[in-house]
Amino acid sequence: MSSKIKIAPSILSADFSRLAEDVIKVENGGADLLHIDVMDGHFVPNITIGPVVVQALRPRTRLPLDVHLMIENPERYVDAFADAGADYLTVQVEACVHLHRVLQAIRARGMKAGVALNPHSLLSSIEEVLPDLDLILIMSVNPGFGGQKFIPQALDKLSRTRKLLKERSATHIEVEVDGGVKLQNAQEIVNAGAQILVSGSEIFGSKDPAETVREMKRLCD
């Protein structure tokens, strides 16, 4: 397992009228991934963006595009996001009737396959698909909106996730956390087992997004 902590700014909190500029700022600050939340107004009560925005961002950044599908029937859109240039594609375990099939489809298109767990979802729900995973995303807020407060119980879930991966000799699977990640709790979240920190309002809502990324990396590394 790599000790390097990755920071993934979430464009959900960026200024969409200056999206390319905001992306350049966090890239210059040393961001490792760009997190893109896709919401459909059904699985979650909010509507955000689709493959067109991913496609528009792809030539504007060197960062891997970490796409999180908070949508119903995500299997219908695997090809669309692969064609748009996604590097990671994460689906919600609660949205997939045939999770194994969806993960295989994601990998078949050359993307890294991730599964996200909502705060109430059991870690046991993904045990049978660990061989098909590259990433586990622990949601530390209820999905749908940015700027929410971190749910403390996520720390225990992160610890149990790391323990499970060690027991299954699957420490190559990256553990990501999303929701309420701030400068003041970043180190605690990393200590609990997170390797990728998704942060939106803390980074893009700051006066200097690039410096906020750098500070978060300093705190974690």
Side-chain angles (χ1 to χ4, degrees), residues 1-10 32-39 43-44 64-71 74-75 78 81 86-144 148 150-181 185-186 188-200 220:
M1 182 183 74
S2 171
S3 62
K4 184 178 184 295
I5 302 303
K6 298 179 181 179
I7 306 300
S10 171
D32 301 281
L33 306 165
L34 197 64
H35 191 79
I36 302 170
D37 288 311
V38 178
M39 308 180 193
F43 182 77
V44 291
L65 300 183
D66 174 29
V67 179
H68 177 197
L69 301 184
M70 288 174 270
I71 64 175
E75 64 277 1
V78 171
F81 282 100
D87 297 284
Y88 290 73
L89 195 64
T90 296
V91 296
Q92 291 280 156
V93 66
E94 309 85 4
C96 295
V97 176
H98 303 291
L99 180 58
H100 178 261
R101 183 184 298 166
V102 177
L103 297 175
Q104 284 191 319
I106 292 170
R107 280 183 156 184
R109 288 303 313 269
M111 297 177 287
K112 292 189 176 182
V115 168
L117 294 170
N118 277 344
H120 74 279
S121 299
L122 298 176
L123 187 57
S124 59
S125 63
I126 61 170
E127 285 190 53
E128 300 303 323
V129 296
L130 288 179
D132 305 286
L133 283 180
D134 300 292
L135 179 141
I136 297 170
L137 170 54
I138 301 299
M139 293 300 297
S140 45
V141 298
N142 287 294
Q148 297 185 68
F150 184 87
I151 296 174
Q153 290 89 335
L155 294 173
D156 178 65
K157 200 171 194 176
L158 284 165
S159 297
R160 287 186 286 113
T161 301
R162 178 58 55 208
K163 181 181 178 182
L164 172 65
L165 295 181
K166 186 175 181 180
E167 290 173 349
R168 296 293 186 88
S169 299
T171 54
H172 61 282
I173 299 175
E174 295 180 286
V175 178
E176 185 174 53
V177 65
D178 183 6
V181 177
N185 63 7
E188 183 180 26
I189 293 169
V190 168
N191 290 342
Q195 297 161 287
I196 303 175
L197 303 185
V198 177
S199 183
C220 296

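Nothing fancy with the numbering, it's 1 onward along the sequence. Computed from heavy atoms alone, side chains included, the values below leave out hydrogens, waters and symmetry copies. Note that the coordinates shown come from a computational prediction; the quantities given were computed from them, not determined experimentally.
- Of the possible donor and acceptor atoms, none in the side chain of Asp66 sits under 3.5 Å from a partner among the backbone N and O of Leu33.
- Between the side chains of Gln104 and Arg109, no donor-acceptor pair of N or O atoms lies under 3.5 Å.
- Surrounding CD of Glu128 are at most 12 heavy atoms belonging to other residues, nucleotides or ligands under 6.0 Å away.
- With hydrogens and angles ignored, the 3.5 Å screen pairs no side-chain donor or acceptor of Thr90 with any backbone N or O of Ala116.
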Test side-chain contact (heavy atoms from CB on, under 4.5 Å) applied to His35 and Asp178, step by step: CA-CA 10 Å; His35 191 79; Asp178 183 6; 3.4 Å; yes
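- For Asp87 (side chain) and Leu65 (main-chain N/O), a donor-acceptor pair under 3.5 Å exists by modelled atom type.
- Gln92 and His68 form a side-chain donor-acceptor contact under 3.5 Å, judged by distance and modelled atom types alone.
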Audit row: Asp156, Arg160, side-chain contact (heavy atoms from CB on, under 4.5 Å) steps and yes/no: CA-CA 6 Å; Asp156 178 65; Arg160 287 186 286 113; 2.8 Å; yes
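- The two residues Ile126 and Leu133 have their closest heavy-atom pair at CD1-CD1, 4.4 Å.
- Side chain to side chain, Glu176 and Tyr88 fail the donor-acceptor criterion of an N or O pair below 3.5 Å.
- Panel note: side chain Ser140, backbone Gly179; a donor-acceptor pair is recorded below 3.5 Å.
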Pair Val115-Leu137, side-chain contact (heavy atoms from CB on, under 4.5 Å): steps then yes or no: CA-CA 6 Å; Val115 168; Leu137 170 54; over 6 Å; no
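- For the residue pair Ser10 and Asp37, a side-chain donor N or O sits within less than 3.5 Å of a side-chain acceptor on the partner.
- Between the side chain of Asp132 and the main chain of Arg107, no donor-acceptor pair closer than 3.5 Å is present.
- A donor-acceptor contact shorter than 3.5 Å is absent between the side chain of Ser169 and the backbone of Leu165.
- Checked by atom type and distance alone, the side chain of Lys157 pairs as donor or acceptor with a backbone atom of Ser121 at under 3.5 Å.
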Test log, rule side-chain contact (heavy atoms from CB on, under 4.5 Å), inputs Leu89 and Val78: CA-CA 8 Å; Leu89 195 64; Val78 171; 4.2 Å; yes
